[in-house]
2 protein chains.
Amino acid sequence: MKLSVKTDYAARAVLSLASLPREGPARKVEELAETVGTSANYLVQILIELKGAGLVDSVRGKHGGYRLAKAPEEITLGMVWRASEGSILDVPAIVDDDCPAGLREAWKSASASLTESADQVTFAQILEASGRDREMYYI
Amino acid sequence: MKLSVKTDYAARAVLSLASLPREGPARKVEELAETVGTSANYLVQILIELKGAGLVDSVRGKHGGYRLAKAPEEITLGMVWRASEGSILDVPAIVDDDCPAGLREAWKSASASLTESADQVTFAQILEASGRDREMYYI
DNA sequence: TGGCACATGAAACTTTCGGTCAAAACCGAT
DNA sequence: ATCGGTTTTGACCGAAAGTTTCATGTGCCA
């Protein structure tokens with residue numbers, strides 16, 4: 001199973017937005033796309049979904065752009081994942097009555113384990129871990 | 001992210017094979033396909049991959065078919081998952097140097113959590129849990 | 001009016017989910 | 001030993017769906 005680049009981009013975009021103050025000017029899609037490493041056209045679609053999930057806010061007009069809708073402490077990797085893909089791990093067998101009960105339980109437990117892990121890490125933590133690492137280059 | 005039906009079928013097929021003695025006659029693909037709930041043509045492709053991973057053995061000829069290559073205690077859900085999809089959860093960002101270190105760590109931890117969970121449950125356990133459940137219908 | 005988000009649509013590409021077919025291996029009977 | 005039927009094997013093919021990207025036009029705000 002492979003993670004889509006879409007979710008990858010979404011996480012990088014949120015992280016990038018988390019790295020600057022929410023009170024400052026909104027960040028333009030063009031800029032964001034450059035740091036994320038994709039095209040602005042594609043990133044817009046992702047940002048719209050993130051906005052629909054309430055993770056991000058947009059500002060129109062001349063000095064428009066995007067900024068975080070919540071504090072980085074309140075945004076988890078799981079939230080971004082769900083916003084991008086609908087669900088973190090959807091296993092149809094879990095709700096299939098023809099699937100043996102034991103197998104259903106096994107899938108359910110695997111899925112729950114991934115979800116818990118993804119919802120446990122916030123972008124404040126990710127940001128700090130990235131920042132600390134970057135400092136090491138300057139020592 | 002959605003689990004492919006291929007992996008779902010693979011797990012059901014292995015579970016079905018685990019439910020009968022390995023010393024008995026091999027189970028025909030046609031029968032297996034019926035209990036799994038898919039076409040024999042498609043299931044064959046899955047079984048070939050399971051065989052390549054050493055989870056299943058095949059017998060040719062008139063009384064041919066498939067049987068488990070290992071004891072159910074030695075086959076985990078993770079093994080079947082990897083045999084079917086190559087890897088349980090592939091996150092390209094983990095090996096991307098352009099990805100911030102903190103984000104890489106977050107992905108790595110989520111992926112490890114899922115892998116551990118999938119490798120923890122064996123088909124002996126799944127079989128027992130399903131069997132116990134089935135008995136309840138007869139009480 | 002100009003810059004920008006927003007919305008939509010379509011092209012290019014990959015993956016999924018199977019179907020089809022011929023050949024190889026095996027068994028049982030002749 | 002040979003023949004015929006059964007079954008796996010493995011490759012190729014193809015429609016359908018999803019992914020990723022680009023392009024175009026519209027509406028909003030300073």
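First the proteins, then the strands, lettered A, B, ... as listed; each starts at 1.
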Test item: Ser111(A) side-chain N/O and Lys108(A) main-chain N/O as donor-acceptor pair under 3.5 Å = no
Report yes if at least one side-chain N or O of Ser4(A) is closer than 4.0 Å to OP1 or OP2 of dG18(D); otherwise report no.
-> no
More than 12 heavy atoms from other groups under 6.0 Å of CD on Glu30(A) | no
What are the two closest heavy atoms between Ser117(B) and Ser113(A), and how far apart are they?
-> CB-OG, 3.6 Å
Taking atom types as modelled and ignoring hydrogens, do the side chains of Arg12(B) and Thr38(B) form a donor-acceptor contact shorter than 3.5 angstrom?
-> no
Do Val5(B) and Leu50(B) belong to the same hydrophobic cluster, where Ile, Leu, Val, Met, Phe, Trp and Tyr are linked whenever their side-chain heavy atoms lie under 4.5 Å apart, directly or via other members?
-> yes
Does the salt bridge (Lys or Arg N to Asp or Glu O under 4.0 Å) test come out yes or no for Arg22(A) and Asp57(A), once each step is laid out?
-> CA-CA 10 Å; Arg22(A) 270 210 286 153; Asp57(A) 270 340; over 6 Å; no
What's the verdict on side chain to side chain contact (heavy atoms under 4.5 Å, CB included) for Ser16(A) and Arg27(A), showing C-alpha distance, side-chain angles and the deciding distance?
-> CA-CA 10 Å; Ser16(A) 177; Arg27(A) 174 171 267 178; 2.5 Å; yes
Side chain to side chain contact (heavy atoms under 4.5 Å, CB included) assessment of Leu47(A) paired with Leu32(A) | CA-CA 10 Å; Leu47(A) 286 168; Leu32(A) 211 46; 4.2 Å; yes
Whole-Å distance between dA7(C) P and Leu43(A) CG?
-> 15 Å
By nearest nucleotide on DNA chain C, pick out whichever of Lys6(B) and Val59(A) is the more 5' one.
-> Val59(A)
Residues Leu114(A) and Ile88(A): closest non-hydrogen pair is CD2-CG2, 3.7 Å
How far apart are the closest heavy atoms of Ala10(A) and Val80(A), and which atoms are they?
-> CB-CG1, 3.7 Å
Name every residue in residues 16-42 of chain A that has at least one heavy atom under 4.0 Å from any atom of DNA chain C, in order of residue number, or write none if there are no such residues.
-> Lys28(A), Val29(A)
Filtered N/O pairs between nucleotides 27-30 of chain D and protein, under 3.5 Å:
residue	atom	partner	partner atom	Å
dC28(D)	O4'	Arg60(A)	NH1	2.6

Hey, can you pull the residues of residues 45-54 of chain B with a non-hydrogen atom under 4.0 angstrom from DNA chain D?
-> Ile48(B), Lys51(B)
